[in-house]
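This report refers to the structure that appears directly beneath it.
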Amino acid sequence: FMASILAVDDQKVMRDLVSTILTTEGQEITLSEDGVQALDLAHQYQLAMVLLDFNMPDMNGISLVSWLQKPFEPERLIKAVNVTLSKNNS
């Protein structure tokens with residue numbers, strides 16, 4: 001089966017945005033609203049990449065990347081990219 005991109009963000013609007021952009025480009029995308037769910041999905045799918053928010057409740061993105069790398073062989077390491085956006089209220 002095709003390798004999937006996992007997008008992890010606690011904000012639905014961000015998950016929807018990433019999903020729309022990537023599916024328009026023909027990518028297979030899997031969405032997760034938190035790090036715990038992302039860990040579960042990582043064991044269900046062959047992931048090519050994880051796009052994630054570093055600022056999430058319960059399990060931040062740095063912890064998630066650490067946990068995602070643990071069960072895999074070196075040749076199957078997952079590429080992780082931080083997609084955190086923030087508002088500048090100045």
Side-chain angles (χ1 to χ4, degrees):
F1 56 97
M2 176 188 268
S4 179
I5 297 171
L6 176 61
V8 187
D9 199 301
D10 57 320
Q11 297 181 19
K12 184 179 183 325
V13 66
M14 289 302 298
R15 291 191 309 271
D16 291 346
L17 176 65
V18 170
S19 178
T20 299
I21 292 168
L22 293 176
T23 54
T24 300
E25 293 297 319
Q27 299 297 319
E28 181 181 312
I29 181 90
T30 302
L31 302 174
S32 174
E33 63 187 40
D34 61 45
V36 175
Q37 182 184 42
L39 285 174
D40 185 48
L41 291 169
H43 294 288
Q44 296 177 36
Y45 294 91
Q46 181 181 350
L47 299 176
M49 182 182 299
V50 178
L51 302 174
L52 59 107
D53 180 0
F54 275 1
N55 299 314
M56 294 184 293
D58 299 324
M59 180 185 293
N60 67 34
I62 295 169
S63 296
L64 175 57
V65 169
S66 176
W67 280 103
L68 284 172
Q69 300 297 11
K70 287 183 180 186
F72 300 111
E73 306 82 35
E75 66 273 4
R76 200 171 159 239
L77 289 178
I78 298 169
K79 298 167 192 74
V81 178
N82 177 12
V83 292
T84 300
L85 297 177
S86 63
K87 293 181 183 178
N88 185 352
N89 294 326
S90 41

Where do L39 and M59 come nearest, in terms of heavy atoms and distance? CD1-CE, 3.6 Å
What's the separation between atom CG in L64 and atom CG in L52, rounded to the nearest 0.5 Å? 5.5 Å
Run the side chain to side chain donor-acceptor pair (under 3.5 Å) test against D58 and tell me which residues pass, sequence neighbours left out. none
Whether S19 side chain and R15 backbone form a donor-acceptor pair below 3.5 Å: no
Looking at CD of Q11 and CG of N55, how far apart are the two atoms once the value is rounded to the nearest 0.5 Å? 9.5 Å
Once you round to the nearest 0.5 Å, how far does CD of Q37 lie from CG of L6? 8.5 Å
Evaluate T30 against Q44 for side chain to side chain contact (heavy atoms under 4.5 Å, CB included), listing each step before the verdict. CA-CA 11 Å; T30 302; Q44 296 177 36; over 6 Å; no
Checking side chain to side chain contact (heavy atoms under 4.5 Å, CB included) for the pair L41/V8: CA distance, chi angles, key distance, verdict? CA-CA 10 Å; L41 291 169; V8 187; over 6 Å; no
Side chain to side chain contact (heavy atoms under 4.5 Å, CB included) for D9 and V18? Distances and angles first, verdict last. CA-CA 10 Å; D9 199 301; V18 170; over 6 Å; no
From OG (S4) to CD (Q27), nearest 0.5 Å: 9.0 Å
So, taking the atom named CD in E28 and the one named CG in L47, what distance separates them when rounded to the nearest 0.5 Å? 9.5 Å
Between CD1 of I29 and OG1 of T20, what distance do you get to the nearest 0.5 Å? 10.0 Å
Residue pair S32 / A38: nearest heavy atoms and the distance that separates them: OG-N, 3.1 Å
